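Every value quoted in this text rests on a predicted model; they were computed, and no experiment measured them. Every chain is numbered from 1, with letters handed out A, B, ... down the list of sequences.
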Protein chains: 2
Amino acid sequence: MPASSTLRDRRRLQTGREIQSATLRLALREGFEAITTEMIAAEAGVSLRTFFNYYANKEAALVGRRPEIDPGIIGWFEIASGPLMDDLFEALSRHLDDGHLNRETIRLISTLLERSPELVPIFHASLQKLACQIVSLVTSRLGETARPEAELLAELLSHALGHAIRSWSQSDDMSESEITRLARQHVEKVGALIGYGGEAPSR
Amino acid sequence: MPASSTLRDRRRLQTGREIQSATLRLALREGFEAITTEMIAAEAGVSLRTFFNYYANKEAALVGRRPEIDPGIIGWFEIASGPLMDDLFEALSRHLDDGHLNRETIRLISTLLERSPELVPIFHASLQKLACQIVSLVTSRLGETARPEAELLAELLSHALGHAIRSWSQSDDMSESEITRLARQHVEKVGALIGYGGEAPSR
DNA sequence: CATATATTTGCATGGCATGCAATGTTTGCT
DNA sequence: AGCAAACATTGCATGCCATGCAAATATATG
């Protein structure tokens with residue numbers, strides 16, 4: 001049974017989402033820089049102090065709370081013995097299948113990012129937690145000696161996933177399960193660029 | 001002749017460095033969280049207001065001001081016609097050869113990062129400006145359609161460079177010109193992981 | 001229902017960051 | 001050298017950000 005069985009847990013989740021939603025609504029209406037934490041708290045119907053109980057700052061409220069990769073998935077990965085990339089993307093697929101991704105919310109975020117590109121670094125930073133977990137996965141497979149490469153690979157995968165999720169939010173005819181497929185395509189294109197050169201096209 | 005010909009420019013550079021140095025000194029002595037912008041300003045011998053004329057916040061002062069890639073290098077890249085990776089790393093080599101890298105400063109930063117891993121994201125964020133410039137280089141070569149891959153590749157390269165620079169600061173017998181060589185090695189290992197699989201070792 | 005455990009809230013505090021206008025310094029020109 | 005324009009530094013005032021603490025409120029458990 002998930003941790004959301006108790007009323008308290010459900011409310012906490014709900015309030016977190018309500019604050020994020022309020023932040024997105026206000027940011028789209030007034031511009032992110034123009035809004036204050038007090039406004040957000042008022043819009044979400046909580047006290048300022050409660051706002052800070054949920055998020056460390058405005059930026060965090062924009063991104064919302066992203067759950068960690070389920071220990072069950074990590075356990076599966078450590079047992080799996082396929083090619084590294086196959087197992088990694090399978091683990092990411094299962095993670096996304098948890099259903100904690102709200103298309104409408106991501107769509108709002110994407111809209112905001114297009115209107116205010118200076119916010120993009122906030123979202124890049126929010127991928128760091130995922131990247132960190134991917135590093136754990138990769139080093140559990142390749143050993144500590146491969147940590148430098150694991151960190152680079154994790155950076156690559158998390159950003160590819162972020163990009164794919166934004167693509168998914170934009171096109172209604174893309175299923176959730178295609179996110180990792182798209183991410184993998186991009187990663188493999190990068191692999192080709194690294195591996196085979198990519199000479200300048202004749203002009 | 002560089003832009004540092006005039007006294008004013010030299011002073012601006014000098015003050016910027018002095019503030020960064022003061023920030024590092026204090027952060028190593030007291031811990032980054034424990035110090036205030038007022039302390040930094042006092043230690044650097046400037047007013048608080050001047051501190052904010054140089055850096056937007058404490059974090060930026062820690063990283064210092066990183067110069068952009070010289071337009072001359074960008075021009076060279078756009079004319080070059082070798083394999084993409086060769087030309088990219090050559091451009092990065094030339095950029096680093098500008099000599100704006102102070103080993104002792106980087107060493108202090110590395111020490112600080114080991115003692116306070118929670119600061120690592122600050123440095124990751126500081127690589128974003130470089131990543132952005134790499135995106136420009138890559139799309140100038142491959143065209144706008146390759147932007148998604150260009151962004152991933154840029155992320156990869158900038159992080160690889162960041163890692164290599166930290167390695168360089170730690171070992172006295174590593175020359176500055178070997179930074180890009182090391183970065184490239186790591187990138188190619190990642191390429192191998194992507195391209196050829198990297199099966200789980202038998203246990 | 002009673003108790004233990006979480007959560008929300010208000011208040012007080014101190015750091016962060018910016019605009020503005022006054023003052024001081026450098027530059028380039030005559 | 002002397003002057004005016006451009007630029008840099010500073011103090012002050014202001015308002016937002018973020019946290020600790022303790023009282024009040026809500027939920028869980030038995």
Phosphate contact (C/dA6 OP1 or OP2) by A/R12 side-chain N/O below 4.0 Å
no
D/dT10, OP1 or OP2 - any side-chain N/O from B/S47 closer than 4.0 Å?
yes
Rounded to whole Å, how long is the line connecting atom CG of B/L62 with atom P of C/dC16?
14 Å
B/Y54 side-chain N/O to D/dT9 phosphate OP1/OP2 under 4.0 Å:
yes
For A/F32 and D/dC16, what is the distance between atoms CZ and C1' respectively, to the nearest whole Å?
13 Å
Going from CE on A/M39 to CG on A/L26, what distance comes out if it is rounded to the nearest 0.5 angstrom?
7.5 Å
Counting just side-chain N and O atoms, does B/T36 come under 4.0 Å of either OP1 or OP2 of C/dG15?
no
B/T6 side chain, from C-beta outward: closest of C/dT27, D/dT10, C/dT9:
C/dT27
Here's a test of your reading of the structure: between B/F51 and A/T15, which maps to the more 5' nucleotide of DNA chain C?
A/T15
Steps toward salt bridge (Lys or Arg N to Asp or Glu O under 4.0 Å) verdict (B/D87, B/R141)
CA-CA 10 Å; B/D87 292 347; B/R141 177 77 62 100; 2.7 Å; yes
In whole angstrom, give the distance that lies between atom CG of B/N57 and atom P of D/dA18.
12 Å
Using a 3.5 Å distance criterion without hydrogens, assess whether the side chain of A/Q133 forms a donor-acceptor pair with backbone atoms of A/K129.
yes
Taken to the nearest whole Å, CE/A/M39 to C1'/D/dC17 is 13 Å
5' priority, DNA chain C, between B/R11 and B/A56 [closest heavy atom]:
B/A56
In whole Å, what is the span from the CD atom of A/E38 to the P atom of D/dC17?
8 Å
CZ of A/R49 versus P of D/dC21: gap in Å, rounded?
11 Å
Where the side chain of B/R8 is concerned, which of D/dC7, D/dA28, D/dC12 is the nearest nucleotide?
D/dC7
Using a heavy-atom cut-off of 4.0 Å across all strands, would you classify B/N53 as base, sugar-phosphate, or nothing?
base
Tell me the interatomic distance from A/Q14, atom CD, to C/dT8, atom P, rounded to whole angstroms.
12 Å
Quick test of your reading of the model: are A/D9 and A/R12 salt-bridged, counting only N-O distances below 4.0 Å?
yes
Counterpart residues, salt bridge (charged side-chain N to carboxylate O under 4.0 Å, His left out), relative to A/K189 (two or more places apart)
B/E149
Among D/dT10, C/dT26, D/dA18, which nucleotide sits nearest the side chain of A/F52?
D/dA18
A/K58 has its side chain closest, among D/dT9, D/dC7, D/dC17, to D/dC17
Contacts of A/D173 meeting salt bridge (charged side-chain N to carboxylate O under 4.0 Å, His left out) (sequence neighbours excluded), chain-then-number -> none
Rounded interatomic separation in angstrom, taking CG from B/L7 and P from D/dA8
11 Å
Given C/dG15, is OP1 or OP2 found less than 4.0 Å from the side-chain N or O atoms of B/T37?
no
Closest to the A/T50 side chain: C/dT5, C/dT9, D/dT10?
C/dT9
